[in-house]
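I am attaching a structure below and will ask some questions about it afterwards.
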2 protein chains.
Amino acid sequence: MLQRRIDDHAPPSREDMREAQEIFYKHLKRVGLKHTEQRDTILRTFLETRDHLSTDELFRLARKKDAKIGFTTVYRTLKLLAECGLASEVAFHDGVARYEHQFNRRSHHHMVCTDCGLSVEFFSPEVGKLEEEIGRKYHFDATRHTFQIYGVCEDCRKKPSRKLI
Amino acid sequence: MLQRRIDDHAPPSREDMREAQEIFYKHLKRVGLKHTEQRDTILRTFLETRDHLSTDELFRLARKKDAKIGFTTVYRTLKLLAECGLASEVAFHDGVARYEHQFNRRSHHHMVCTDCGLSVEFFSPEVGKLEEEIGRKYHFDATRHTFQIYGVCEDCRKKPSRKLI
DNA sequence: ATTGAAAATGAAATTCATTTTCAATTAGAA
DNA sequence: TTCTAATTGAAAATGAATTTCATTTTCAAT
Ligand SMILES: [Mn+2]
Ligand SMILES: [Mn+2]
Ligand SMILES: [Zn+2]
Ligand SMILES: [Zn+2]
């Protein structure tokens, strides 16, 4: 899925990779699961991109590193990564669940073009404050929120046709 | 789906109902569709509740008024109602698409309990301003946004178990 | 190094909300 | 009333998400 980045970053350093792996292994140990080559490959593949990937997209990328990795393993590993905070689901409402890695990343939100699917990341600390404030007001223990803006990007406004979302 | 209302309202008056129907009929005529008894029943059923209904939930309610109404017709009618602004989809991320009616209602957002599914409505004009502001900044023609807060409600914090979402 | 129990894997099957198909029925303009 | 295009709803299809299960692998205890 197309993306335009606001805070472009280099790919993760070897040190970053090791640190993220450690978080993952700690989590696996904590819940009584085992360390495997596949889980390693999937985590590495996931960290290498800042894209918002569907399970199938990550599966295809991981398969380039290990041709016999299975879709099911990618699916299950994404759940594990979400459990330990290395991944989070991001719903663009395009019919598939997407994930992005959360290792050393600032919290951000997305604006999505309903025509071409382009997503733009933006920062808006006010939204986090609203979560806290409204949770308090209605006596919720607020743990997370979703905020997305939908519209038509500059390029698509110039084109004639329309599709998607 | 359970809901706690902030701005409780009486059921729609006969006059409200007529006004909403007129909006619907105008839309049908505009796109070359016909006025049917089923569509009428579905609209009335939909307006009578302020709940956030899945297609299946609305189908079950509508069937009480007309036992031989079909699921497919409810499904299609919801799309039509969304087209003319009388309904909007609200994604609680519980695995089904939900709709709420937008006739004579203030724009609002939702806080959802991830344990029991309770949803609380709240008003936050700041969020609408953010949409406008960020759209402008990144040259999007922003048309809508989604904002939800997830957490655990007061009642569920007291209970021991956990489930859902 | 060997063993064995528990976990992991991945292909295949299943689930389930959503969407499409299609033959019979109905609306409504002329 | 007639005719055409739209509607209906049961059934089938779709497709992402999830589960099943036979086989393989991990890893802690010998
Ligand atoms: Mn992002
Ligand atoms: Mn609402
Ligand atoms: Zn675009
Ligand atoms: Zn609750």
Side-chain angles (χ1 to χ4, degrees), chain A residues 1 21 24-43 45 52-83 87 89-99 117 163-165, chain B residues 1 21 24-43 45 52-60 62-63 65-83 87 89-99 117 163-165:
Chain A
M1 172 137 295
Q21 280 175 336
F24 189 34
Y25 300 164
K26 287 254 175 68
H27 176 71
L28 290 177
K29 186 148 280 178
R30 188 163 46 242
V31 295
L33 303 182
K34 290 168 179 175
H35 173 215
T36 68
E37 192 56 50
Q38 288 93 328
R39 284 173 175 167
D40 235 24
T41 303
I42 293 163
L43 173 58
T45 310
H52 306 89
L53 298 172
S54 67
T55 308
D56 194 62
E57 285 167 353
L58 181 56
F59 165 59
R60 286 162 195 276
L61 288 176
R63 209 167 41 172
K64 289 183 185 170
K65 289 189 165 62
D66 175 356
K68 47 193 193 329
I69 231 160
F71 173 89
T72 314
T73 302
V74 174
Y75 166 78
R76 286 186 283 226
T77 302
L78 270 173
K79 301 250 154 184
L80 291 171
L81 293 174
E83 274 176 25
E89 197 179 326
V90 50
F92 285 173
H93 300 113
D94 59 348
V96 291
R98 296 184 172 280
Y99 294 84
K163 266 197 299 245
L164 214 68
I165 302 187
Chain B
M1 170 138 292
Q21 280 175 337
F24 189 34
Y25 300 164
K26 286 255 177 68
H27 176 70
L28 290 177
K29 186 147 282 179
R30 188 162 46 242
V31 296
L33 303 182
K34 290 169 178 173
H35 173 217
T36 69
E37 193 56 50
Q38 288 95 328
R39 284 174 176 166
D40 235 23
T41 303
I42 293 163
L43 172 58
T45 310
H52 306 88
L53 299 172
S54 68
T55 308
D56 194 61
E57 284 167 353
L58 181 56
F59 165 58
R60 286 161 194 277
R63 210 167 40 172
K65 290 191 165 60
D66 174 357
K68 47 193 193 326
I69 230 160
F71 173 89
T72 315
T73 303
V74 174
Y75 165 79
R76 286 185 284 225
T77 303
L78 270 173
K79 301 250 156 184
L80 290 173
L81 292 174
E83 275 176 24
E89 199 179 325
V90 49
F92 286 173
H93 300 114
D94 60 347
V96 290
R98 297 185 172 279
Y99 294 83
K163 267 197 297 242
L164 213 69
I165 305 187

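Here is the naming used below: chain letters follow the sequence lines, and residue numbers restart at 1 for every chain. What you see is a predicted model; the values in this text were computed from it and never measured.
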What pairs of nitrogen or oxygen atoms, one from the protein and one from nucleotides 1-3 of chain C, lie under 3.5 Å apart?
none

Taking CG from A/L80 and P from D/dT18, how many angstroms apart are they, rounded to a whole number? 13 Å

Please give, in whole Å, the distance from C/dA8 C1' to A/Y25 OH? 15 Å

Flag the pair B/V96 / B/D56 as yes when at least one side-chain heavy-atom distance between them is below 4.5 Å, and no otherwise. no

Write down the atom of A/F24, the atom of A/L80, and the distance for their closest heavy-atom approach. CE1-CB, 3.9 Å

Closest heavy-atom pair and its distance - B/T41, B/A62: CG2-O, 4.1 Å

Nucleotide by nucleotide, nucleotides 19-30 of chain D touches protein heavy atoms under 4.0 Å in the pattern (B base, S sugar-phosphate only, - none) BB-----BS---

B/R39 CZ to D/dG9 P, straight-line distance once rounded to whole Å: 11 Å

Whole angstrom value for the distance that separates C1' of D/dA17 from NZ of A/K79: 8 Å

Estimate the overall bend of the helix from C/dA1-D/dT30 to C/dA30-D/dT1 from the end axes over five pairs each, rounded to 10 degrees. 30°

A/L43 CG to C/dA8 C1': how many Å, rounded? 17 Å

Residues that B/D40 engages under salt bridge (charged side-chain N to carboxylate O under 4.0 Å, His left out), provided they are two or more places apart: none

Nearest-0.5 Å distance, CD of residue B/Q21 to CG of residue B/L28: 11.0 Å

Note, A/R39 side chain near A/Y25 side chain (heavy atom, < 4.5 Å): no

Per the under-4.0 Å heavy-atom filter, residues of residues 64-71 of chain A near DNA chain D come out as A/F71

Please give, in whole Å, the distance from D/dA16 P to A/E89 CD? 15 Å

Could you give the CD-to-P distance, from B/E57 to C/dC16, as a whole number of Å? 16 Å

So, taking the atom named CG in B/L81 and the one named NE2 in B/H27, what distance separates them when rounded to the nearest 0.5 Å? 8.5 Å

A/D40 has an atom CG; how far is it from atom P of C/dT9, in whole Å? 11 Å

Can you give each donor-acceptor pair under 3.5 Å made by side-chain atoms of residues 64-77 of chain A, sequence neighbours left out, with the distance rounded to 0.1 Å?
{"residue": "A/K65", "atom": "NZ", "partner": "A/E48", "partner atom": "OE1", "Å": "2.8"}
{"residue": "A/D66", "atom": "OD1", "partner": "A/K68", "partner atom": "N", "Å": "3.1"}
{"residue": "A/T77", "atom": "OG1", "partner": "A/T73", "partner atom": "O", "Å": "2.7"}

With B/R98, the side chain to side chain donor-acceptor pair (under 3.5 Å) member among B/E57, B/E89, B/H52: B/E57

